[in-house]
Protein chains: 2
Amino acid sequence: MATKPRRPIPDATVSRLPIYQRVLDELQTQGMATVSSEDLAELAGVNAAKARKDLSFLGSYGIRGVGYEVDYLLFQIRHALGLTQQWPVLIVGVGNLGRALADYAGFTSRGFPVAALVDDDPAKVGTTHVGIEIHPLADLAELVRDLGIAIGVIAIPSAGAQRVADLLVEAGVSSILNFAPAVLTVPDDVHLRQVDLAVELQILSFHRQRGQRETDQVDSDPPAP
Amino acid sequence: MATKPRRPIPDATVSRLPIYQRVLDELQTQGMATVSSEDLAELAGVNAAKARKDLSFLGSYGIRGVGYEVDYLLFQIRHALGLTQQWPVLIVGVGNLGRALADYAGFTSRGFPVAALVDDDPAKVGTTHVGIEIHPLADLAELVRDLGIAIGVIAIPSAGAQRVADLLVEAGVSSILNFAPAVLTVPDDVHLRQVDLAVELQILSFHRQRGQRETDQVDSDPPAP
DNA sequence: TAGATTGTTAATCGATTAACAATC
DNA sequence: TAGATTGTTAATCGATTAACAATC
């Protein structure tokens with residue numbers, strides 16, 4: 001029998017799967033066995049119909065009249081995201097940000113063990129952070145090979161970011177997460193994602209202003225005669 | 001004369017304005033005076049038509065046959081985002097992440113000066129980081145009032161995040177940026193945005209897997225007879 | 001003027017949502 | 001069975017894009 005010709009998961013849905021995962025993680029910790037689309041959606045901050053539609057792209061994993069089994073749904077979301085296996089991560093740059101990322105519980109717990117740290121600074125090389133040894137930049141290619149690094153994380157200032165990206169690509173890393181606020185260029189077959197720590201502040205600023213403007217308008221409505 | 005009834009800027013456009021801003025920042029640093037929608041779009045990783053449409057929501061700030069003036073367009077984007085004034089930020093939690101955020105050039109340079117740091121740890125209180133004094137959590141409300149804090153940033157582990165959010169709301173902060181991987185509840189009139197440092201890794205993992213599957217399919221095509 | 005590039009139109013595509021039949 | 005909740009349909013809404021007239 002042929003497998004059902006599953007439609008591809010829409011990008012908008014993919015971007016919400018991590019949110020559902022986080023909520024389900026929390027529900028699991030609280031010992032909830034099942035959850036309805038209504039409750040899940042409320043916690044995730046979305047419409048219940050949207051939650052059901054999103055989950056339906058993964059398959060029919062709910063039980064009518066009951067809801068979704070938390071454990072099972074978590075597994076299916078991890079499966080859809082390709083997180084049934086672990087993806088070892090290498091972090092370049094052991095400044096405050098690199099250390100914060102290495103500590104970040106969300107990395108390891110979600111399938112991204114930090115396998116190696118790399119830094120330019122000779123004073124840091126050879127020391128460890130949370131039990132992970134810090135290697136010189138020159139060892140990058142060797143580390144990638146020996147540890148089966150799947151993803152490179154750039155956590156250095158903008159100035160050196162492109163050079164490090166080039167080194168990662170050269171070493172055969174095909175997925176890069178860049179925290180430097182720089183515009184990087186990589187070959188087409190390399191997956192590059194950009195994280196800008198200030199971008200959410202800017203969007204917050206926009207909404208604050210919009211909210212303010214609406215309030216102003218209400219305030220400046222002509223008074224009733 | 002009435003002001004032109006400008007249509008509201010779509011959410012999708014708002015989310016891209018920071019990207020254009022970053023690219024324009026870089027072009028400005030390189031001394032470029034003008035840029036075409038074609039070049040701007042290429043650097044921002046979007047379609048040229050989309051870039052022009054996005055910018056048209058701000059007004060008609062391009063010059064036909066020439067392009068956009070970098071300085072002027074930067075100003076207009078900042079204006080649209082409500083960044084013509086500075087918004088003082090308070091960071092709660094001076095661990096690696098809090099320090100990384102306080103250092104982050106993108107904050108101050110984009111209109112979000114870090115005005116205060118707050119931490120529970122008595123050993124940290126009274127010391128400074130990059131010239132900013134670290135205050136006890138108990139001083140939060142006072143700091144918010146005295147420094148005109150516009151935005152509170154939560155950079156502590158999940159466990160205490162809700163309590164800190166409550167304290168911020170109580171102190172009158174109406175915009176909160178949360179870096180803890182926790183689901184927070186705030187009143188409706190408070191702007192809350194969630195940053196999950198692992199979410200981009202998860203999306204990267206999905207695309208890596210999808211790319212892999214497509215490659216597999218090609219590889220497993222029946223060989224020509 | 002000729003060439004270049006914007007701003008806008010209109011067609012297409014994808015995402016959201018309410019509603020409800022299916023079914024636990 | 002009665003009540004609850006999913007999975008899916010179809011209508012609506014918003015976003016994307018190519019194309020081109022307007023205009024520098």
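Atom set for the values below is all heavy atoms of this structure, side chains included, hydrogens, waters and symmetry mates excluded. Chain naming here is simple, since letters A, B, ... match the order of the sequence lines and numbering starts at 1 in each.
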So [Y] and [X], do their side chains get closer than 4.5 Å, heavy atoms only?
| X | Y | result |
| --- | --- | --- |
| B/Arg110 | B/Arg78 | no |
| B/Leu204 | B/Phe206 | no |
| A/Pro88 | A/Leu147 | no |

How would DNA chain C look in dot-bracket form, 5' to 3', counting Watson-Crick and G-U wobble pairs with both distances under 3.5 Å and writing | for bases paired to another strand? ..||||||||||||||||||||||
Using whole Å, report how far [atom1] of [X] lies from [atom2] of [N].
| X | N | atom1 | atom2 | value |
| --- | --- | --- | --- | --- |
| B/Asp39 | C/dA4 | CG | P | 14 Å |
| B/Ile9 | D/dG14 | CD1 | P | 16 Å |
| B/Asp11 | D/dC13 | CG | P | 16 Å |
| A/Glu38 | D/dA4 | CD | P | 13 Å |
| B/Lys50 | C/dT8 | NZ | C1' | 17 Å |
| B/Asp54 | C/dT6 | CG | C1' | 14 Å |
| A/Tyr72 | D/dT6 | OH | P | 16 Å |
| A/Arg64 | D/dT8 | CZ | P | 7 Å |

Go through [options] for me and flag the one nearest to the [X] side chain.
| X | options | answer |
| --- | --- | --- |
| B/Ile63 | D/dC24, D/dG7, D/dA10 | D/dC24 |
| A/Ser36 | D/dT8, D/dT5, D/dT17 | D/dT5 |
| A/Asn47 | C/dT17, C/dT9, C/dG7 | C/dT17 |

Mutual orientation of the aromatic rings belonging to A/Phe107 and A/Phe112 [parallel < 30°, tilted 30-60°, perpendicular > 60°]: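 Aromatic pair A/Phe107/A/Phe112 classed perpendicular.
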May I ask you to decide if the ring planes of A/Tyr72 and A/Tyr61 are parallel, tilted or perpendicular, using 30° and 60° as cut-offs?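 Ring orientation of A/Tyr72 relative to A/Tyr61: perpendicular.
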Taking OP1 and OP2 of [N], is either one under 4.0 Å from a side-chain nitrogen or oxygen of [X]?
| X | N | result |
| --- | --- | --- |
| A/Arg52 | C/dT16 | no |
| B/Ser37 | C/dT5 | no |
| A/Tyr68 | D/dG7 | yes |

Nearest nucleotide by nearest heavy atom, which residue falls closer to the 5' end of DNA chain C, A/Arg16 or A/Gly65?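 Going by which nucleotide is closer to the 5' end, it is A/Arg16.
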Residues B/Gln21 and A/Gln202: side-chain donor-acceptor under 3.5 angstrom: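 Distance-only check passes for B/Gln21 and A/Gln202.
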Got a salt bridge between B/Arg16 and A/Asp196, using NZ or NE/NH1/NH2 to carboxylate O under 4.0 Å?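 Looking at B/Arg16 and A/Asp196, the cut-off is not met.
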Mind checking if A/Ala49 touches a base, just sugar-phosphate, or nothing, with heavy atoms under 4.0 Å?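 Result for A/Ala49 = base.
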